[in-house]
Structures are given as C-alpha cells and as structure tokens.
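Source: prediction; values computed, not measured. Note that these values count all heavy atoms, side chains included, but never hydrogens, waters or copies made by symmetry. Chain letters run A, B, ... following the sequence lines, proteins first, then strands; residues in each count from 1.
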Amino acid sequence: MTEFPKSYEPKTAEQKWYERWVEKGYFKPEVNPEGAPFCIVIPPPNVTGSLHMGHALNATLQDILTRWKRMQGEKALWLPGTDHAGIATQNVVERKLAEEGLDRHTLGRDAFIEKVWQWKKEYGDRITHQLRKLGASCDWSRERFTLDEGLSKAVREVFVRLYEDGLIYRATRLINWCPRCRTALSDLEVEHEDLEGTLTYIKYPLVDGTGHITVATTRPETMLGDTAVAVNPDDERYKDFIGKTVELPLTGRTIPIIADKEVDPSFGTGALKITPGHDFNDEAIAKRQDPQLPSITVIGEDGRMTRLAGEKYKGLDRYECRRAVIEDLKELGLLEKQERYSHSVGHCYRCKTTIEPYSTPQWYVKIEPLAKKAIEAVRNKKIRIIPESWENSYFSWMENIKDWCISRQIWWGHRIPVWYCNDCGEIIVSREEPKTCGKCKSENLKQDPDVLDTWFSSALWPFSTLGWPEQTEDLKTFYPTSVLVTAFDILFFWVARMIMMGLRFMDDVPFRDVYIHALVRDAEGQKMSKSKGNVIDPLIMIDKYGTDAFRFTLAAFAAQGRDIKFSEDRVQGYRHFINKLWNATRFILMNLSEKHRDTVLSTDIESAQQTLASRWILSRLAFTIEEVNSALEDYRFNDAANTIYQFTWHEFCDWYIEMAKTEMSEEVRLCLLYTLERILRLLHPFMPFLTEEIWQQLPVKKEKDSITISEYPRPFARNKAAETEMAYIMDAITGIRTIRGELNIPPSEELEVYIKTSTQAVDRTLKENTHYIKKLARAKTVITGMDITKPKGSYTAVKDYLEVYVTLKGLIDISSELERLNKEKKKLEESILFLQKKLHNEEFLSRAPKHIVEKEKEKYNTLIQKQEKLLESIEKIQSLEM
RNA sequence: GGGCGGAUAGCUCAGGUGGGAGAGCGCAGCCCUUACAAGGCUGAGGUCACAGGUUCGAAUCCUGUUCCGCCUACCA
C-alpha cells in the first residue's frame with residue numbers, strides 16, 4: 001500500500017479539509033435536496049466576542065447534530081450569524097474612543113455609528129472565523145447579522161404590528177437605569193448581588209412637636225426625595241401617627257405619615273420612608289394612595305444629585321451625597337444609629353455599575369398575551385425542553401413576567417420606528433420614514449432618538465434569518481426549525497422571547513426542541529471569567545491538541561443537567577484516542593496490497609463472516625451503531641461519544657485486531673477495513689477532520705467524494721451466538737493473563753495451558769479457536785476438554801464455564817497460590833450467601849417478577865458450580881503439599 | 001423568601017423504566033509481543049453525604065438533615 005504517515009497532523013488536515021468542504025458546498029442543504037428538512041439557527045454570538053468555552057461547547061453540539069442529520073440524508077441547514085449586541089458593542093467602541101481622548105458625544109451620532117461599523121468590519125468576523133477553526137459545518141452563504149437590511153426590516157415590521165395591535169406602548173415610570181451606560185435596562189439585564197451594606201436609622205421630627213418617627217434605610221441620600229412616611233395600618237405603635245406630618249430634615253419640606261398594608265411592622269422600626277422617584281416598592285405605594293403621592297427625582301441620569309435635591313447637594317455623586325447627608329444628619333442629632341446589613345443590590349449586566357431606579361418615558365411590550373401562548377406551547381409539548389427540569393424555570397418566569405422595556409438610550413442598534421410631530425405632538429409609528437404628519441401635515445418631524453433592546457431583534461432570529469417578512473423558499477422549508485441548542489443563561493433573555501414572537505408572527509413555534517446544555521466551568525467549578533483569570537482559551541486547546549480531540553472532549557463531557565468542569569487532562573486523553581485510531585488504520589493498511597485499491601465494501605460483509613472474531617466484532621459494531629444513534633436521538637452526546645470510544649479502543653483494537661493477526665485471510669482483511677470504515681463514519685460528527693483524513697486514504701470504492709456527505713451507519717442484526725462464544729474465549733484468555741499478571745511472569749515466557757470446560761458447547765468453541773488463546777495469552781500449548789484434571793504443580797483460574805490451569809517450570813509457590821484462591825473463595829462465598837438469602841425468601845420468590853427470579857437462580861447455580869471447582873482446586877493444592 | 005441541581009474509587013465524572021456499582025486520569029506490578037510506550041497485560045481502590053420511609057429488593061423512588069453550586073424576588 002501507499003505510505004501511511006506515522007502520525008496524524010491536525011493543523012494541515014484541518015485547514016485542507018475545511019476549505020474543501022466549503023468550496024464543494026457540502027454545508028449547503030442542497031447536498032440532500034430530497035431529504036427531510038433539518039435546521040438549526042445558531043445562537044448568534046456578539047460581534048464583539050471572541051470564541052470562549054461556552055461558544056465552543058455550544059457550536060460543537062450543534063455541529064454534531066447537523067453533521068449527523070446531514071449524513072442521514074436530511075436537508076440539513078445550520079444557519080450562522082452574529083448579533084450586533086447594542087450595549088456591549090457600544091461600550092467596546094467607546095472605550096477605544098476614550099483611548100484616543102474622544103467620546104461619542106463630541107463625535108456626534110452619525111459619526112459614532114460610522115465608527116462602530118468600521119470596527120465591526122475590522123473585528124466582526126473574528127468569532128465566525130474561530131467557528132470555522134472548530135469545524136462548524138455552517139452554511140456561510142446564508143450568514144446573517146442582526147443589523148442586516150432584511151433583519152432590520154423584520155424588526156420594523158414587528159414593532160409596527162405590535163403597536164397597531166396595542167401590544168407596544170409608551171409610559172413614564174420607574175425603570176432600571178444604568179448611570180454609566182445612561183440607558184434603561186430590562187429587568188433581566190439587572191444582576192442582583194448580595195452586598196454588605198449599612199442600615200441607617202433617621203429621626204424625622206413631627207411637625208406638632210410631639211416627638212419624632214424613626215425610619216430605617218439603606219440609601220440615606222434618597223431621603224431628599226421622600227414624599228411620605230408609611231406605616232402598617234394595624235401597627236399599634238403608630239396608630240396615632242397616621243395622618244400627622246413630619247418635617248423632612250435637610251430639605252425644609254414637610255411630608256405626611258400614611259398607612260399602607262405592605263409595610264412590614266417587624267422590619268427596622270416599622271416606619272418606611274417613601275421615595276417614589278427612586279424605589280420601585282415606594283412608587284407602588286405612592287400610586288396606591290389617594291390622592292397619589294408626588295414623585296421627586298433627586299438623582300439624575302448621570303447618577304448625580306439634581307437641583308431638586310437642594311442647592312447644597314446638587315451635582316454631588318449619589319455616594320458622595322450619601323456621606324454628606326449622614327454627616328449633616330449627625331450634626332442635627334437626627335441620626336439615631338447605623339448597623340451592618342446585608343442586602344441585594346442590582347447591577348448593570350454589561351458594566352456592573354449599580355442600577356438606579358429612574359423615572360423616564362420608555363417603550364414597553366405588553367407581554368402577558370404573548371406569554372400565555374408561549375406557556376401553552378411548552379405545556380402541550382409543541383416545544384420540548386430538554387432536560388425537562390428546565391420547564392419549571394420557564395413556567396415560573398413566564399407566569400410572573402412583567403412588561404418588557406424595549407427602548408435603550410444608546411445609538412448602536414435598530415432605531416425605534418417612531419416619529420413625533422414637533423407641531424401637533426402626534427406620534428407616528430411607521431415602517432418607512434414619514435414625510436409629513438398625518439394629522440397636521442407638518443413636515444417638522446423628529447424620529448425617536450432611542451434604539452431597541454438587542455434582544456428584540458434576536459427574538460425574531462429563527463424567522464428573520466430565513467427571510468421573513470418575505471415568504472421565501474427558505475422560510476417555507478425550514479420554519480419551524482428543528483432544535484435550538486443553547487445554555488440556560490439565556491433561556492429567558494432569548495429562548496422565551498423567540499417562542500413568543502414566533503407564535504405571534506409565524507403562528508407556529510420557532511423550534512420543536514430546545515436542548516439546554518451545561519455551563520463550562522474551570523476544574524474547580526468556578527465560572528470562567530476574565531476577572532478571575534481562570535479562562536481556558538479554546539483556541540489554545542485546539543492549537544495544542546487539535547480540533548478533534550478538543551471537540552470530542554466537549555462532547556464526552558456534555559452529560560445532561562450538570563455543569564462541565566473542564567480539565568485539560570481529558571483533552572490529552574482523547575488525543576491519545578486519535579493516535580490509537582490512527583495507528584489501527586496504519587496496521588490495517590499495512591496488511592492490504594495494491595490489489596485492494598477500490599475495494600467494494602458491501603453490507604453483505606455484515607452477515608458473511610466465517611471466523612468467530614469477525615462475527616463477534618460485527619455484532620458489536622451493530623450494537624454500537626444502534627446505541628450511538630439512539631443516544632444522539634436523545635441528545636445524550638456523552639453516551640454517544642463514550643460508546644464509540646469504548647468500541648473502537650477496547651473491542652476493535654484490543655481484541656479484534658489482535659485476533660485478526662492470527663488469521664489474516666482475505667475475508668478478515670475485508671472485515672477489518674469494513675469495521676474501520678464504519679467507525680470513521682460513526683465518529684465523523686464528533687471528529688470531522690481526523691475521520692476525513694483517514695477516510696480519504698482508505699482504498700475503498702467511495703460513492704461520495706467526502707465522508708461529510710456519506711451515509712451514517714445504520715443498525716443491522718446482531719449475532720448473539722457469536723457474542724456468547726466469544727465470551728468463553730475471552731474468559732479463557734483473561735484467566736491465563738490473570739495468572740501471568742499476578743505471578744509477574746514476563747510475556748516472553750510461553751505457557752502450557754490446560755482448560756477444563758464445563759459444557760460441550762464451551763468445549764467445542766474453545767477447541768475450534770485455540771489459535772486466539774495461544775496468541776493473545778502467549779501460550780505454547782492449549783489443551784482443553786471436559787475431563788481435564790488439574791495437573792500437578794499448576795496454577796488455577798476459575799471462570800464461570802471453565803477452569804484454567806497453567807503449569808510452570810520450577811516449584812510452585814503453594815502459599816501464595818492458596819492465598820490467591822482463598823481470597824477468591826471468600827468473595828464467592830459472600831456472593832453465594834447473599835443469593836441464598838434472597839432465594840430462600842418466600843416473598844422474593846412470590847413477589848419478584850419471574851424472569852428476575854430465574855436470573856437469580858441461574859446466577860446462583862453458576863456460582864455454586866464455580867465454588868465447587870474452586871474448592872476442588874484448593875483441596876488438590878493442599879493435598880499436594882502434604 | 002421561592003425554586004432548581006449536585007454530594008458515587010485518590011481526582012474528574014457516567015450510572016434512560018429499582019434487581020448486590022462503571023469509565024478516564026492517577027497509583028502498583030510485569031512488558032519496547034513486528035499498528036500504537038500518546039502503547040499492551042494484570043491488579044489494588046467504593047458503608048454510592050447522613051437519618052428515616054416505601055418495597056421481596058434502593059446509588060436509583062419518597063420525607064427530613066448537613067454541606068456545596070446556581071436561578072429567581074419590589075428583604076426599607
């Protein structure tokens with residue numbers, strides 16, 4: 001045969017094959033025009049992003065599914081793309097500007113956006129190139145970006161329709177505000193963190209001079225905006241205070257004491273200061289009052305105190321102001337005490353700045369009607385969430401969902417398609433830019449300056465990427481998509497919203513399955529983050545071990561419902577696996593000759609084998625194919641990967657190849673080649689490069705130009721008889737090896753072996769296959785028979801259906817042999833005792849299923865026989881000693 | 001406050017419907033046996049967190065406890 005390289009070179013193979021695959025268009029669904037449609041839309045990574053472990057796992061799993069389905073002949077589309085990631089991207093570019101001493105406001109809106117586009121052009125492809133390195137079989141000709149023209153059109157269409165249907169509205173109320181990003185955030189974009197803070201007790205003097213009422217707060221600076229003090233109406237201590245007025249220190253204002261049933265009398269002093277302008281809870285109380293309490297905004301959009309906070313505090317940062325207020329209260333003798341207090345504080349999920357509840361006009365989606373249908377879709381199994389345990393989280397979030405604030409005060413994103421008439425104040429919501437006001441015909445119109453939440457456009461991703469609102473062929477073919485693969489951290493952000501939007505605008509679910517995979521953590525179980533410095537860069541892994549070893553590791557780790565603690569050792573382990581398979585190939589090719597060029601591998605091989613080993617390995621192959629397919633069917637990626645690993649290494653390499661060496665006939669060569677070829681196909685979705693590299697070099701007649709588009713192995717009939725017979729042979733071999741191993745006999749010493757068989761079938765099998773035993777156990781002679789007696793001075797290994805005796809030159813070490821056998825005897829006795837108890841238990845016999853009872857009885861009989869054999873051996877040895 | 005998940009070999013983890021526990025790595029011993037020392041063979045190592053319960057039978061189902069992790073919430 002032609003020279004097969006000594007070792008696998010990942011780097012050259014990876015580049016060579018990926019380019020070929022793309023060039024030939026294998027990743028386009030057109031390669032299987034007749035197949036059933038299969039579609040995955042990628043969770044679009046941020047354009048600012050660089051491939052991290054989470055992406056790598058996410059992409060690997062999608063690629064495994066896509067390649068598997070493609071090989072099964074389906075019309076498989078994996079649609080790639082990126083997300084413009086409004087706040088994140090804007091932050092990145094702003095940071096860059098800051099380095100040049102610029103900021104977006106001096107630049108102006110248009111120039112700034114131009115800068116971002118430039119940045120996107122330069123760096124925006126980074127992550128998709130990294131996906132290519134990973135082997136991702138995406139159809140790049142269909143790649144999308146959330147700010148593409150088509151997708152933008154979809155966004156405007158959805159906005160206008162929701163507005164027309166009364167599901168989008170504008171309102172002024174408290175919103176989560178990031179004073180650094182200077183934008184509103186949705187509830188989801190706020191991260192809560194438990195922090196050690198201070199609870200400050202402040203005395204508010206009663207105007208009538210009869211004393212004071214003490215309130216407790218974690219945010220003293222907001223007292224400048226208080227408009228009431230609330231107590232529980234049933235709180236006896238404060239009954240007489242309700243309706244009175246207090247003097248609000250530092251402000252010169254007076255505010256009422258009111259009653260509200262939500263006030264918890266047991267917390268703090270039981271009196272609650274009410275700041276409707278900076279606290280969600282207070283806002284709700286204020287609105288419940290009749291008349292409603294006024295709201296005063298004392299902290300501005302930049303996190304600094306406003307004019308309304310008073311001359312003295314105006315312009316101070318909110319934390320500076322806090323210190324100042326405490327100082328001043330102390331001086332007035334109104335600071336009662338301060339105590340340590342741990343509470344939860346909201347932070348901006350992009351820049352970690354503490355959120356300030358802030359009252360501004362914003363656009364909202366009325367979410368409840370959308371959520372209702374989305375709940376239904378999961379409840380009636382139109383959408384399956386896997387693992388199912390996530391359904392609970394989904395339901396509980398959806399059932400308590402609140403209206404979604406979708407406007408953001410940033411520049412990078414989809415501009416809200418709303419115009420205001422400067423003359424008559426009319427609000428115009430339109431797909432196209434209006435020229436005149438529909439009401440007063442004025443041309444003096446101004447577009448809303450805000451952009452939409454990034455998640456608004458990604459919510460449309462499963463249909464906007466396929467061409468919606470146009471009724472394209474792709475849309476008709478691939479919607480609903482087959483499965484969405486994602487991590488749980490964006491279940492609410494993204495998955496839930498896609499379901500709502502899909503149902504609303506396509507009148508069908510966006511995907512049939514949602515597969516939720518784990519988060520990748522470091523070896524200590526910590527979430528990987530740049531600030532902790534514990535990130536493992538997937539690209540470094542790929543560089544060190546090759547893409548295939550890395551991908552296989554991720555798949556093997558991807559057990560459902562558990563986070564992944566990534567360890568580099570495993571990657572190394574799977575690189576060894578690659579080496580193993582590579583060398584197995586080398587061996588097989590070494591045994592082929594020029595005449596094997598274009599060998600036809602027909603499935604007839606599966607049932608036409610003569611030798612026991614060949615019949616056995618094919619039966620095991622059949623089992624493996626069955627198992628891998630069913631594991632993938634259930635998204636049990638780790639089971640699929642391990643099954644292939646186990647079969648390839650421990651059955652094919654460890655046993656079959658070794659046995660093949662004893663009988664290298666034409667038929668066996670074919671069986672080796674056939675099994676190898678099937679292994680490659682089975683493995684291809686997991687290790688695309690290695691398998692292609694080897695496959696291309698096999699001297700087999702190929703019906704396809706690439707393993708990528710070859711057919712995935714299909715299950716066929718197992719041969720249970722071969723598996724049973726092979727078990728006898730394996731028992732004999734391991735029996736001999738155990739003796740050799742425990743006595744530290746070097747492999748170079750060939751043994752004389754006698755095997756006593758307990759049935760005719762076992763005896764026949766052994767007699768027909770002594771060549772395997774001789775070779776694999778390194779035996780000079782193997783004599784078998786049902787009437788064999790233990791030779792003098794031999795060592796013994798007892799198996800279920802046979803006894804192995806090995807004779808050795810020189811004196812047998814009786815005491816160590818006895819010790820070994822007695823140890824085994826003891827184990828056996830324990831097992832027998834256990835089974836005896838079970839089988840003497842009337843209730844077990846009457847209540848357990850028949851087949852279980854039968855099984856246990858059989859087990860018992862086997863053990864008893866084994867015990868007899870063992871005792872016999874021990875007796876012999878002992879009598880020999882005497 | 002509510003919810004979810006985890007606790008199995010020294011380490012990292014598997015163990016779809018209950019029928020006396022497995023892998024990889026590591027460890028010990030013997031081996032360069034003509035595909036592979038990135039390898040082969042053999043072996044040691046576990047009261048399946050704890051306490052109850054259901055059952056003929058529990059790592060597996062139920063209840064509670066402890067310890068970890070996560071999600072969620074308008075805890076002044």
Side-chain angles (χ1 to χ4, degrees), chain A residues 4 6-7 174 187 192 199 215-219 222 230 262-264 267-275 279-285 341-344 357 389-390 392-393 396-397 400 488-489 491-492 519 521 523 525-527 556-557 559-567 569-570 572-591 630-631 634 636 638-639 642 645-646 650 653-654 657-658 661 734 737-748 775-778 830-831 834-835 838 841-849 851-853 855-856 859:
Chain A
F4 190 74
K6 253 318 226 177
S7 63
L174 280 190
D187 295 340
H192 293 273
L199 193 58
V215 296
T217 179
T218 53
R219 302 201 55 198
T222 62
E262 289 301 306
V263 177
D264 178 3
F267 188 93
T269 60
L272 170 64
K273 65 191 261 324
I274 302 295
T275 323
D279 185 286
F280 292 104
N281 195 27
D282 293 0
E283 183 191 43
I285 291 176
Y341 179 66
S342 142
H343 63 134
S344 149
S389 53
W390 286 105
N392 275 337
S393 304
S396 74
W397 188 69
N400 299 306
F488 64 81
D489 54 346
L491 182 61
F492 307 138
L519 238 46
R521 301 174 183 281
Q526 297 284 308
K527 202 167 168 171
F557 260 127
Q560 285 183 13
R562 198 197 253 240
D563 284 345
I564 294 175
K565 284 192 218 165
F566 193 85
S567 90
D569 288 350
R570 283 287 281 268
Q572 198 164 8
Y574 291 122
R575 187 178 59 170
H576 296 172
F577 175 61
I578 287 175
N579 186 250
K580 189 76 184 172
L581 182 56
W582 185 265
N583 279 293
T585 306
R586 224 157 71 83
F587 171 76
I588 292 166
L589 293 186
M590 275 167 55
N591 281 281
S630 94
D634 300 342
R636 289 181 286 119
N638 58 325
D639 288 343
N642 287 327
Y645 180 95
Q646 196 64 26
H650 299 300
C653 291
D654 287 350
I657 288 184
E658 291 309 315
K661 287 175 182 172
T734 9
R737 282 173 173 174
T738 302
I739 294 171
R740 185 192 287 279
E742 298 209 334
L743 299 174
N744 290 340
I745 304 165
S748 51
K775 167 81 177 174
L776 271 70
R778 310 210 120 236
E830 278 169 18
S831 300
F834 178 83
L835 283 173
K838 204 171 196 176
N841 185 339
E842 277 308 318
E843 297 202 86
F844 172 72
L845 295 175
S846 60
R847 295 205 191 197
H851 71 276
I852 295 290
V853 177
K855 209 170 115 190
E856 299 291 282
K859 219 191 289 176

Visitor: Categorize Pro746(A) for me: base, sugar-phosphate, or nothing, with a 4.0 angstrom heavy-atom threshold over every strand shown.
Guide: sugar-phosphate
Visitor: Ser393(A) near the nucleic acid: base, sugar-phosphate alone, or nothing, with a heavy-atom cut-off under 4.0 Å?
Guide: nothing
Visitor: Looking at the side chain of Phe488(A), which of U42(B), C71(B), C36(B) is the nearest nucleotide?
Guide: C71(B)
Visitor: Side chain of Tyr341(A) only, heavy atoms from C-beta on: which candidate in A35(B), U12(B), C75(B) is closest?
Guide: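 Shortest atom-to-atom distance from the side chain points to C75(B).
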Visitor: Is any side-chain N or O of Lys661(A) closer than 4.0 Å to OP1 or OP2 of A35(B)?
Guide: yes
Visitor: Does G20(B) have OP1 or OP2 sitting under 4.0 Å from an N or O in the side chain of Lys859(A)?
Guide: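 Answer yes for this pair, as a side-chain N or O of Lys859(A) is under 4.0 Å from OP1 or OP2.
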Visitor: Distance check, C1' atoms only: A7(B) and U54(B), in whole angstrom units.
Guide: 23 Å
Visitor: Please give the nucleotide sitting opposite A35(B) as a Watson-Crick or G-U wobble pair, both distances under 3.5 Å, or none.
Guide: none
Visitor: Any idea which of G24(B), C75(B), A76(B) is nearest the Asp264(A) side chain?
Guide: A76(B)
Visitor: Could you check which nucleotide pairs with U54(B) in any of the strands shown, counting Watson-Crick or G-U wobble with both distances under 3.5 Å?
Guide: none
Visitor: Considering Watson-Crick and G-U wobble pairs with both distances under 3.5 Å, what does G69(B) pair with?
Guide: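 WC or wobble partner is C4(B).
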Visitor: Can you tell me how far CG of Asp282(A) sits from CD of Glu262(A), rounded to the nearest 0.5 angstrom?
Guide: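 Nearest 0.5 Å value for the CD-CG distance: 12.0 Å.
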Visitor: Hey, does Thr218(A) reach any base, or is it just sugar-phosphate, or nothing, if we go heavy atoms under 4.0 Å?
Guide: sugar-phosphate
Visitor: Asn579(A) or Thr734(A): which one's nearest nucleotide on RNA chain B is closer to the 5' end?
Guide: Asn579(A)
Visitor: Taking atom C1' in both C13(B) and C50(B), compute the distance separating them and give it to the nearest angstrom.
Guide: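 Between the two C1' atoms, the distance is 23 Å.
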Visitor: Rounded to the nearest Å, what distance is computed from the CG atom of residue Leu491(A) to the P atom of nucleotide G3(B)?
Guide: 19 Å
Visitor: Starting at CZ of Arg778(A) and ending at P of C41(B), how long is that distance when rounded to a whole Å?
Guide: 13 Å
Visitor: Please state how far atom OH in Tyr645(A) lies from atom C1' in A38(B), giving the value in whole angstrom units.
Guide: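 Result: 11 Å.
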Visitor: Give me the distance, rounded to whole Å, that separates A44(B) from C25(B) when you measure between the C1' atoms they each carry.
Guide: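 After rounding to an integer number of Å, I get 16 Å for this pair.
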Visitor: Taking the nucleotide of RNA chain B with the nearest heavy atom to each, does Glu742(A) or Ala584(A) sit closer to the 5' end?
Guide: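 Taking each residue's closest nucleotide, the earlier one in sequence belongs to Ala584(A).
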Visitor: Nearest heavy-atom pair of Leu845(A) and Val853(A): which atoms, and what distance?
Guide: CD2-CG1, 3.8 Å
Visitor: Please give the distance between the P atoms of C31(B) and G20(B) as a whole number of Å.
Guide: 39 Å
Visitor: OP1 or OP2 of A35(B) versus the side-chain N and O atoms of Lys6(A): is any pair under 4.0 Å?
Guide: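 Result: no.
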Visitor: Which value, in whole Å, describes the distance between the C1' atoms of nucleotides G19(B) and C27(B)?
Guide: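 So the two C1' atoms sit 33 Å from each other.
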Visitor: Can you tell me the distance, in whole Å, between the CD1 atom of Ile657(A) and the P atom of G39(B)?
Guide: 15 Å
Visitor: Check the geometry between Phe844(A) and G57(B) and answer yes if their rings are stacked (centres below 5.5 Å, planes below 30°), otherwise no.
Guide: no
Visitor: Using purine N1 to pyrimidine N3 plus N6-O4 or O6-N4 for Watson-Crick, or N1-O2 and O6-N3 for G-U wobble, both under 3.5 Å, which nucleotide pairs with C13(B)?
Guide: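 Per the H-bond distance test, G22(B).
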Visitor: Would you give the length of the straight line joining atom CG of Asn583(A) to atom NE2 of His576(A), rounded to the nearest 0.5 angstrom?
Guide: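 Answer rounded to 0.5 Å: 12.0 Å.
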Visitor: Could you state the interatomic distance from CG (Asp187(A)) to CG (Asn400(A)), rounded to the nearest 0.5 Å?
Guide: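 Rounded to the nearest 0.5 Å, the CG-CG separation comes to 12.0 Å.
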Visitor: Taking only N and O in the side chain of His650(A), is any of them less than 4.0 Å away from OP1 or OP2 of C41(B)?
Guide: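 It does not, given that no N or O in the side chain of His650(A) lies less than 4.0 Å from OP1 or OP2 of C41(B).
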Visitor: If you check every side-chain atom of Asn281(A), which of C30(B), C74(B), A35(B) has the closest atom?
Guide: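 So the nucleotide nearest the side chain must be C74(B).
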Visitor: Please determine, by modelled atom types, if Ser831(A) and Lys859(A) share a side-chain donor-acceptor pair under 3.5 angstrom.
Guide: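 No donor-acceptor contact under 3.5 Å links the two side chains.
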Visitor: Counting only Watson-Crick pairs (N1-N3 plus N6-O4 or O6-N4) and G-U wobbles (N1-O2, O6-N3), all under 3.5 Å, who is the partner of A28(B)?
Guide: U42(B)
Visitor: Could you give the distance separating G5(B) and U63(B) at their P atoms, to the nearest angstrom?
Guide: 11 Å
Visitor: Atom CG of Asp569(A) and atom C1' of A38(B): how far apart are they, to the nearest Å?
Guide: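 Atom CG in Asp569(A) sits about 13 Å away from atom C1' in A38(B).
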Visitor: List the steps, then state whether side chain to side chain contact (heavy atoms under 4.5 Å, CB included) holds for Asn591(A) with Lys661(A).
Guide: CA-CA 10 Å; Asn591(A) 281 281; Lys661(A) 287 175 182 172; over 6 Å; no
Visitor: Could you tell me the separation between the CZ atom of Arg575(A) and the P atom of A37(B), rounded to a whole number of Å?
Guide: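 Distance, rounded to whole Å: 14 Å.
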Visitor: Among A35(B), G20(B), G19(B), find the nucleotide with the atom closest to the side chain of Ile852(A).
Guide: G19(B)
Visitor: Taking atom C1' in both U72(B) and G64(B), what distance in whole Å separates the two?
Guide: 25 Å
Visitor: Under 3.5 Å, is there an N or O donor on one side and an acceptor on the other linking the side chain of Glu658(A) and the base of A35(B)?
Guide: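 Result: at least one qualifying N/O pair found.
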Visitor: If the plane angle is over 60° it's perpendicular, under 30° parallel, otherwise tilted; pick one for Tyr645(A) and Phe577(A).
Guide: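 Plane angle between 30° and 60°, so tilted.
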Visitor: Using a heavy-atom cut-off of 4.0 Å across all strands, would you classify Val215(A) as base, sugar-phosphate, or nothing?
Guide: nothing
Visitor: Between A76(B), A35(B), C74(B), which nucleotide has the shortest distance from any of its atoms to the side chain of Phe267(A)?
Guide: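 Nearest nucleotide to the side chain: A76(B).
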Visitor: From the options G16(B), A14(B), A35(B), select the nucleotide whose nearest atom is closest to the side chain of Asn638(A).
Guide: A14(B)
Visitor: Could you state the atom-to-atom distance from CG of Asp187(A) to P of C71(B) in whole Å?
Guide: 16 Å
Visitor: Could you work out the separation of U33(B) and G39(B) based on their C1' atoms and round it to a whole Å?
Guide: 11 Å
Visitor: Can you tell me the distance, in whole Å, between the CG atom of Asp654(A) and the P atom of A35(B)?
Guide: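 Taking atom P of A35(B) as the reference, CG of Asp654(A) is at 14 Å.
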Visitor: Could you work out which one of G16(B), G19(B), G5(B) sits closest to the side chain of Ala848(A)?
Guide: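 Of G16(B), G19(B), G5(B), G19(B) is nearest to the side chain of Ala848(A).
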Visitor: Parallel, tilted or perpendicular: which one describes the rings of Trp397(A) and Phe492(A), with boundaries at 30° and 60°?
Guide: parallel
Visitor: Check whether any side-chain N or O of Thr585(A) sits under 4.0 Å from OP1 or OP2 of A35(B), and answer yes or no.
Guide: no
Visitor: Counting just side-chain N and O atoms, does His576(A) come under 4.0 Å of either OP1 or OP2 of C36(B)?
Guide: no
Visitor: Of the options C25(B), C30(B), G19(B), whose atoms approach the side-chain atoms of Pro849(A) most closely?
Guide: G19(B)
Visitor: Just to be sure I understand the rule, does Ala284(A) reach a base, reach only the sugar-phosphate, or reach nothing, if contact means heavy atoms closer than 4.0 Å?
Guide: nothing
Visitor: Which nucleotide in the set A14(B), U72(B), G43(B) lies at the smallest distance from any side-chain heavy atom of Asp639(A)?
Guide: A14(B)
Visitor: Is any side-chain heavy atom of Phe267(A) less than 4.5 Å from a side-chain heavy atom of Leu272(A)?
Guide: no
